[in-house]
Amino acid sequence: MSNHKVADLKLAEQGRLKIEWAESRMPVLMTLRERARTEQPLKGMRIAGCLHVTKETAVLVRTLRAAGAEVSWSGCNPLSTNDEVAAALAAEGTSIYAWHGLSVEEFYWCIEKTLEFKPTLTLDDGADLIFTVHSKHPELQGGIIGGTEETTTGVQRLRAMAKDGKLKYPVYAVNDSETKWDFDNVYGTGQSSIDGIVRATSVLLAGKTFVVGGYGHCGRGVASRAAGMGANVVCTEIKPTAALKAVLEGYRVMPMDEAAKIGDIFITATGVRDILVGRHFERMKDGAIICNTGHYDVEINIGDLEKLAKGKREIRPSNEEYTMKDGRRIYLLAQGRLVNLAAAEGHPSEVMDMSFANQFLALCRLAKDGKKLDKKVYELPPEQDQELAGIKLRTMGMAIDALTEEQKKYLSSWEEGT
Ligand SMILES: NC(=O)c1ccc[n+]([C@@H]2O[C@H](COP(=O)([O-])OP(=O)(O)OC[C@H]3O[C@@H](n4cnc5c(N)ncnc54)[C@H](O)[C@@H]3O)[C@@H](O)[C@H]2O)c1
């Protein structure tokens, strides 16, 4: 019986090349894979994964299998699956249900298929898989040792579940590790969101007023990369300290009601719904470009946009032109879904190297000791960050200093002062 559903198996060869390219850029994960081949830390584990099917994810999947696990995979966003990569994974025997452009119904069908082999571990990006297990499959919960979560929005959902006493097994918040949140969300989302905007529009960023909704980890990365390309960056925030950081970085800060009037390009990065709504679309300039890089497609209220528009057409791939009743045109990229994954390739491999090394180590921890954990959201130990960053630096050919014995003594003493 077939254990996959992908767009076209004939794409496997192109997918294999993409994966090999990613492998050549992911030395930390590849080091862990080589170690795991002999140690087999995931032997006997059945891992259901729901995470964007990109070339980097394929490197993680291959690593999980090399470590002894059986794997069944689905994508975590209807528009983020790379069909070539999905075909390559299916061709090498991975159970995978994913294709680009699936409907919401198909999205959940794919998740259901990955649960058929009764997983012992789950891996999420946005918590849709865990949510499905919790809401529809009580019979599976006893057999699941634990799970991991990749992104900010998923961790928020899981903490809310744990707070309400609804979480049925322990979960590691991979997102919250320093080597994930401070690198992937900042540098990965920063570069790849710009990449998505440019692929969908090919506009010049220099001289544009570039509005970033939310100056958190992702917003900070996007703002800095847009500024680096010569855009005039404006940030919107609800948190005073985040807004102040944006100001001191040299960006203008104002409410979205003001920014809506002056922006040429808008990107939302908050993880919160309704950042751009009808009253903003009413104020925008003719030609404004709007997109989102937060996890769900709720940050731009597309319903409001549809109501205000008299017509729409696809003017380029991942770029829809909405014509307002007064003739102004607003361009929505990637249907309001994560622009970096839907209109480009997602984060560069180099940054996913550390994120997925964290994923891999979190799953190994669960396989070893997960049964001893409580049903709550755990963070990974900070020593893991130092270990991974150390390996990363070494693979980049860089060395750093170490504390001398005198320095260690100095740091642990309280008697020495002025
Ligand atoms: N595109 C990707 O590949 C990618 C990668 C990582 C994370 N994400 C997603 O991006 C989103 C943001 O993640 P993060 O790690 O930057 O989170 P974060 O918590 O670091 O930052 C979010 C920021 O948005 C601000 N904010 C909240 N509501 C706001 C509002 N109404 N107006 C303006 N600002 C508001 C918060 O104060 C915060 O500073 C999440 O949904 C996350 O899952 C996407």
Side-chain angles (χ1 to χ4, degrees), residues 50-54 56-57 75-77 79-80 124-128 149-159 173-197 211-225 234-247 249 251 253-260 263 266-277 280 291-301 333-334 336-349 351-352 354-356 358-359:
C50 178
L51 191 146
H52 308 290
V53 179
T54 63
E56 293 75 23
T57 299
C76 69
N77 184 288
L79 296 185
S80 66
D124 259 280
D125 186 339
D128 287 329
E149 172 52 56
E150 172 78 3
T151 198
T152 319
T153 286
V155 171
Q156 267 162 15
R157 282 180 86 180
L158 292 167
R159 290 221 164 95
V174 172
N175 178 73
D176 293 8
S177 291
E178 191 181 357
T179 42
K180 198 282 179 183
W181 211 358
D182 283 354
F183 293 86
D184 167 316
N185 300 36
V186 181
Y187 305 100
T189 312
Q191 178 172 319
S192 60
S193 300
I194 300 290
D195 186 9
I197 293 170
V211 180
V212 182
Y215 193 72
H217 291 73
C218 295
R220 175 153 59 94
V222 174
S224 104
R225 271 40 190 162
V234 171
C235 297
T236 74
E237 253 298 337
I238 46 138
K239 192 174 167 192
T241 48
L244 195 55
K245 285 178 190 168
V247 171
E249 208 53 57
Y251 309 132
V253 168
M254 61 186 77
M256 189 59 93
D257 283 355
E258 295 303 310
F266 296 80
I267 182 164
T268 53
T270 65
V272 177
R273 61 178 305 143
D274 293 337
I275 303 304
L276 287 174
V277 295
H280 301 127
C291 64
N292 164 55
T293 201
H295 189 77
Y296 286 115
D297 60 343
V298 295
E299 305 208 16
I300 300 175
N301 191 320
L333 309 187
R337 296 196 182 273
L338 323 99
V339 69
N340 61 330
L341 281 140
E345 285 177 67
H347 294 175
S349 311
V351 86
M352 294 318 292
M354 287 199 298
S355 303
F356 286 164
N358 275 304
Q359 277 289 0

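Worth saying up front: this structure is predicted, and the values here are computed from it rather than measured. Each ligand, and each atom within it, is numbered from 1 in the order the structure gives. As a basis for the values below, the full set of heavy atoms in this structure was taken, side chains included, without hydrogen atoms, waters or symmetry mates.
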Does M256 reach the side chain of V211, with side-chain heavy atoms less than 4.5 Å apart? yes
T236 heavy atoms within 4.0 Å reach ligand 1 at atoms 33 (C), 34 (N)
Please state which protein non-hydrogen atom is closest to atom 32 (N) of ligand 1 and give its distance, to 0.1 Å? I238 CG2, 3.8 Å
Honestly, for T189 the part within reach of ligand 1 (heavy atoms, under 4.0 Å) is side chain
Would you mind checking if R159 and D176 are paired as a salt bridge, meaning a charged N to carboxylate O distance below 4.0 Å? yes
Against heavy atoms of G294, which atoms of ligand 1 measure under 4.0 Å? 9 (C), 10 (O), 11 (C), 41 (O)
Any heavy-atom pair between the side chains of F356 and E150 that's under 4.5 Å? yes
Got an N/O contact under 3.5 Å between C218 and ligand 1? yes
Only heavy atoms of G271, strictly under 4.0 Å: list the atoms of ligand 1 that pass. 11 (C), 40 (C), 41 (O)
For D125, does its backbone N or O pair with a side-chain atom of H295 as donor and acceptor, under 3.5 Å? yes
Between S193 and ligand 1, which residue portion shows a heavy-atom distance shorter than 4.0 Å: side chain, backbone, both, or neither? neither
So H217 and W181, would you call those rings parallel, tilted or perpendicular, with 30° and 60° as cut-offs? parallel
Region of L338 that comes within reach of ligand 1 [heavy atoms, distance under 4.0 Å]: side chain
Atom 17 (O) of ligand 1 has as its nearest protein heavy atom T152 CG2, 3.5 Å
Do you know which of D124, N77, T57 makes side-chain contact (heavy atoms from CB on, under 4.5 Å) with L51? T57
Applying a heavy-atom cut-off of 4.0 Å, say which part of V339 lies close to ligand 1: side chain, backbone, both or neither. neither
Hey, could you give me the CE/CD distance between M354 and Q359, rounded to the nearest 0.5 Å? 14.0 Å
How long is the straight-line distance from NE2 of H347 back to CG of D184, given to the nearest 0.5 Å? 5.0 Å
Starting from atom 21 (O) of ligand 1, locate the nearest protein heavy atom and write down its residue, its atom name and how far away it is, to 0.1 Å. G216 CA, 3.2 Å
Please determine if Y296 has a nitrogen or oxygen closer than 3.5 Å to a nitrogen or oxygen of ligand 1. no
Between ligand 1 and W181, can you find any atom pair, the residue atom being a heavy atom, that is separated by under 4.0 Å? yes
Would you say H347 touches ligand 1, if touching means a heavy atom closer than 4.0 Å? yes
Indicate yes or no: does an N/O atom of K180 lie under 3.5 Å from an N/O atom of ligand 1? no
Counting non-hydrogen protein atoms only, what is the nearest one to atom 42 (C) of ligand 1? Give residue, atom name and distance. T151 OG1, 3.4 Å
Among D184, T153, V212, the residue with a heavy atom nearest to atom 40 (C) of ligand 1 is T153
Starting from atom 2 (C) of ligand 1, find the nearest protein heavy-atom neighbour and note its residue, name and distance. N340 ND2, 3.4 Å
Keeping Y187 on the side-chain end and P348 on the backbone end, is there a donor-acceptor pair under 3.5 Å? no
Mind checking the SG-NE2 spacing from C76 to H52? Nearest 0.5 Å is all I need. 3.5 Å
of all protein heavy atoms, closest to atom 38 (C) of ligand 1 is E237 OE2, 3.4 Å
Name the closest protein heavy atom to atom 22 (C) of ligand 1, giving the residue it belongs to and the distance to 0.1 Å. T270 O, 3.7 Å
List the closest protein heavy-atom neighbour of atom 9 (C) of ligand 1: residue, atom name, distance to the nearest 0.1 Å. H295 N, 3.6 Å
May I ask you to check if ligand 1 and T293 share an N or O to N or O distance below 3.5 Å? yes
Please list, chain by chain and in numerical order, all residues satisfying salt bridge (charged side-chain N to carboxylate O under 4.0 Å, His left out) with R337, sequence neighbours excluded. D297
Here's a test for you: under side-chain contact (heavy atoms from CB on, under 4.5 Å), which of I267, T268, L333 qualifies with N292? T268
List the steps, then state whether side chain to side chain donor-acceptor pair (under 3.5 Å) holds for T189 with N340. CA-CA 7 Å; T189 312; N340 61 330; 4.9 Å; no
